[in-house]
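Remember, it's 1-based here, ligands and their atoms both numbered in the order they're listed. All values reported here derive from a predicted model rather than from experimental measurement.
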Amino acid sequence: MSKKLALILGIRPDVIRASLILGMLRDDPECDLQFIWSGQHYSDNMKDVFFRDLGVAPPDIELGAGGETDADISSAVIARLAPVLREMAPEAAVFLGDTNTVMGCLAAAQLNIPIVHIEGCMRSYDWRMPEEKYRTVIDHLADVVYAYFDEYKAQGVAEGLNPDSIVVTGNPIVDVLDHHYYGRKDHYEALADAEFFASRGIVKDGYYVMTCHRRENVGDLDALKAILAMVGAAGRPVYFPASYRTQKIIEANGLSVPANVITVDPVGYEEFLVLLVNSRGALTDSGTVVEETCVLGVPALQIRKSTERPQVYDVASCVKFDPAVPEEYPPAEVFRKVESLYGKKWTHTLGDGRSSRRIADDLLSRLKEGRFRRHAPADYHLDISRSYRGDGLS
Ligand code: UDP
């Protein structure tokens with residue numbers, strides 16, 4: 001009889017990153033995969049288009065846990081996930097990343113269902129970021145953590161996590177791009193015809209693509225104003241598929257968007273990849289986009305004070321703009337650096353293209369062998385014998 005495994009996802013990059021893992025788990029007859037969608041992202045262009053573009057079968061269960069605020073969404077995920085997990089009683093509940101959806105791990109914790117965290121032990125050490133708090137919480141609740149790199153594992157161990165619970169896998173975005181982009185390059189070249197660029201008011205290799213959605217950037221008006229001023233000095237058109245939250249904040253505060261910025265609604269994955277690979281570079285605060293540009297050989301400007309993905313700086317695929325101190329990053333200097341990356345070659349260190357397989361295989365062997373429970377407490381417990389003490393009376 002097959003055993004149940006719950007995989008809980010809820011935002012656009014989750015589908016992208018887990019697209020191959022999902023297929024591998026579904027293909028194994030001994031795994032009864034229950035793919036649960038939280039509902040954090042729900043519109044066609046933030047959700048369904050990614051299932052279509054990546055050939056991923058839609059979720060088995062939709063929680064519909066939306067809301068206006070982070071508190072609304074995360075509490076709805078917990079409240080709606082708990083009865084589903086109780087009834088399902090999976091061998092483990094698998095989460096990915098650092099979002100409101102990941103806070104659903106509290107429902108699994110309350111039910112004492114083993115928790116698995118993919119993309120574990122990343123740290124920006126920027127405590128203003130809700131994402132940093134979320135990933136710290138789930139890493140410390142998890143029974144099994146998949147960390148992309150040895151340095152991430154070391155970060156978790158330094159926080160007291162048991163090294164035996166952390167499996168180093170490499171970053172699955174490499175496999176996703178190998179499969180969906182490099183494996184179908186002709187398709188992407190055919191999509192990038194003259195009409196594609198003309199209809200968007202841009203010229204191949206003559207524009208930047210921009211994304212901007214992080215709380216510390218769009219939730220702080222000074223930061224957002226600094227970002228808009230900086231991209232206004234790009235000297236090229238900036239094609240900006242803007243998240244709905246960002247669009248709302250710009251509108252509600254009457255911020256003026258520079259004339260060279262073409263704002264559109266978020267686009268699907270194929271369209272976004274065409275935009276990226278034919279651009280001059282990406283201006284972004286997205287974690288996933290800087291990984292993708294690093295793999296695809298596209299220059300990037302990271303619009304962030306700190307990053308949990310320093311590997312992109314190691315290979316010099318991107319430069320930085322810190323919106324908290326814009327005076328330290330004069331636009332002319334910033335764009336001179338971005339332009340200097342154009343046409344440069346670097347070798348990314350993000351993975352060998354087998355990370356999804358490694359994660360899926362490890363999950364499947366644990367599922368079959370019933371090995372999801374947390375490892376016995378390790379040496380970092382100061383004196384475990386005190387916790388198990390009895391009074392000795394008979
Ligand atoms: N992306 C997309 N369409 C867009 C903007 C981004 O397909 O209009 C993709 C992008 O290629 C990347 C992911 O969405 O794979 C990034 O999502 P986001 O920036 O929302 O999340 P983060 O990576 O910061 O968690």
The closest protein heavy-atom partner of atom 3 (N) of ligand 1 is Val267 O, 2.7 Å

Tell me if the centroids of the rings in Phe240 and Tyr208 come within less than 6.0 Å of each other. no

Ligand 1 atoms in contact with Ile16 (distance to a heavy atom under 4.0 Å): 9 (C), 13 (C), 14 (O), 15 (O)

Tyr269 heavy atoms within 4.0 Å reach ligand 1 at atoms 7 (O), 11 (O), 15 (O)

Donor-acceptor check, side chain of Arg135 to backbone of Met122, threshold 3.5 angstrom: yes or no? yes

Quick one: nearest non-hydrogen protein atom to atom 21 (O) of ligand 1, plus distance? Pro13 CG, 3.3 Å

Heavy atom of the protein closest to atom 12 (C) of ligand 1 (residue, atom name, distance): Glu292 OE1, 3.3 Å

With heavy-atom distances below 4.0 Å as the criterion, list the atoms of ligand 1 near Arg214. 24 (O)

Please state which protein non-hydrogen atom is closest to atom 23 (O) of ligand 1 and give its distance, to 0.1 Å? Thr288 OG1, 2.4 Å

Would you mind checking which non-hydrogen protein atom is closest to atom 14 (O) of ligand 1, with the distance to 0.1 Å? Arg12 NE, 3.2 Å

State, with a plain yes or no, whether a side-chain heavy atom of Leu350 is found less than 4.5 Å away from one of Glu292. no

Is a side-chain N or O of Arg309 found less than 3.5 angstrom from the main chain of Gly287, in a donor-acceptor match? yes

Among non-hydrogen protein atoms, atom 16 (C) of ligand 1 lies closest to Ser286 OG, 3.5 Å

Please determine if Arg245 and Glu68 form a salt bridge, counting it only when a charged side-chain N lies under 4.0 Å from a carboxylate O. no

Are Phe95 and Val116 side-chain neighbours, meaning at least one heavy-atom pair lies under 4.5 Å? no

Gly268 heavy atoms within 4.0 Å reach ligand 1 at atoms 7 (O)

Pair Asp322 + Lys305, salt bridge at N-O below 4.0 Å: yes

